[in-house]
Amino acid sequence: MPKRKLNPDNWINRYSDYLFNYTISRVNDREMAKDLVQDTFFAALKSMENFKGDASERTWLIAILKRKIIDYYRKSNSKKGQAEVKINYTLNEDETDWLEAQVADPFDKTAEDTLENDELGKAIFKCLEKLPEKQAAVFRMKTIEGLDTETICNELNITASNLWVIVHRARNAMADCMEKTWF
Amino acid sequence: MKKKQSFLFISCDEAKLICDKAQYKEASFLEKVKLYFRYVWCRITRTYVCKNKKLTQAIERSQLNCLNTSEKQNLQQQFKQALKKQQ
């Protein structure tokens, strides 16, 4: 198998969204997730010489990010001094004293759901990486960020009808790709 | 001689465009009615609508998060500077 090469010029465009989504589902803090992703790219840049070319760029970056996330939890735990269990039993007005009301909601997210969402997110971002840059940008802004048409048109300097054509092409390509990998 | 078409008649491409808009709740009521008429008799439109809905559901289910444009640009700038220093 030919050895893979690193191309740091494309890292931000190709992997920042995927890495950010991966991080935020684990640290649950947008600012912290942003910092961790940034640290990951800088750390990767410093240790480019260590890349052997066996894994893909994405796998290598994720490996670095995982270490960053572990470090983050280690640091935040050491700040507390030691693990502590808080039993906070306060009755607010909207809380009941029924035991049934205090147990975990069985319809809440399970570990299995989280895992499936992770895999689904991975599949979507992989398909998004295959789109041409402009289509990917429009699709991301419209579908993931949920920006309105006018804002995107102003930002990218395109007309509304142009935007819908790009959205159509992007959705078509995404649906085809997802059909092969997920549905 | 040109035939007068019903105002409810739309082409397959127009139907696909309306379907895309509908995924973002940006299709008007009249557009949805037009899409519905096309949907009833056009197999290609039906297939597209089904495929499009599946994609929307998958994206909603995955609850994706991403960096917004300005955050990404900031990151890109800082990274470029670091890359220059490295080289």
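Here is the naming used below: chain letters follow the sequence lines, and residue numbers restart at 1 for every chain.
- Side chain of B:Asn65 to main chain of A:Asn21: no donor-acceptor pair is present (N/O by atom type, distance under 3.5 Å, no hydrogens or angles).
- Using a 4.5 Å cut-off between heavy atoms, B:Glu71 touches chain A through its side chain atoms alone.
- Without hydrogens or angle criteria, B:Arg46 side chain to B:Val40 main chain gives a donor-acceptor distance under 3.5 Å.
- Counting all heavy atoms, side chain and backbone alike, A:Leu36 lies closest to A:Thr23 at CD1-CG2, 3.7 Å.
- Interface summary for chain A: among B:Lys16, B:Lys21, B:Glu60, the most heavy-atom pairs under 4.5 angstrom belong to B:Lys21.
- Both the backbone and the side chain of A:Thr149 come within less than 4.5 Å of a heavy atom of chain B.
- Looking at A:Leu45, the atoms closer than 4.5 Å to chain B (heavy atoms on both sides) sit in the backbone and in the side chain alike.
- Highest contact tally toward chain A, considering only B:Cys19, B:Ser62, B:Cys66, is held by B:Cys66 [criterion: heavy-atom pairs under 4.5 Å].
- Formation of a donor-acceptor pair under 3.5 Å by the A:Ser25 side chain with backbone atoms of A:Tyr22 is found in this model.
- A:Val167 approaches A:Lys142 most closely through the heavy-atom pair CG2-CG, 4.4 Å.
- Of the atoms belonging to B:Phe79, heavy atoms from both backbone and side chain fall under 4.5 Å from chain A.
- Salt bridge absent: B:Glu31 and B:Lys34 never bring a charged side-chain N and a carboxylate O closer than 4.0 Å.
- For A:Phe125, the part lying near chain B is the side chain, with the backbone staying farther off; criterion is any non-hydrogen pair under 4.5 Å.
- Contact count against chain B (heavy-atom pairs under 4.5 Å) is highest for A:Phe42 among A:Tyr18, A:Phe41, A:Phe42.
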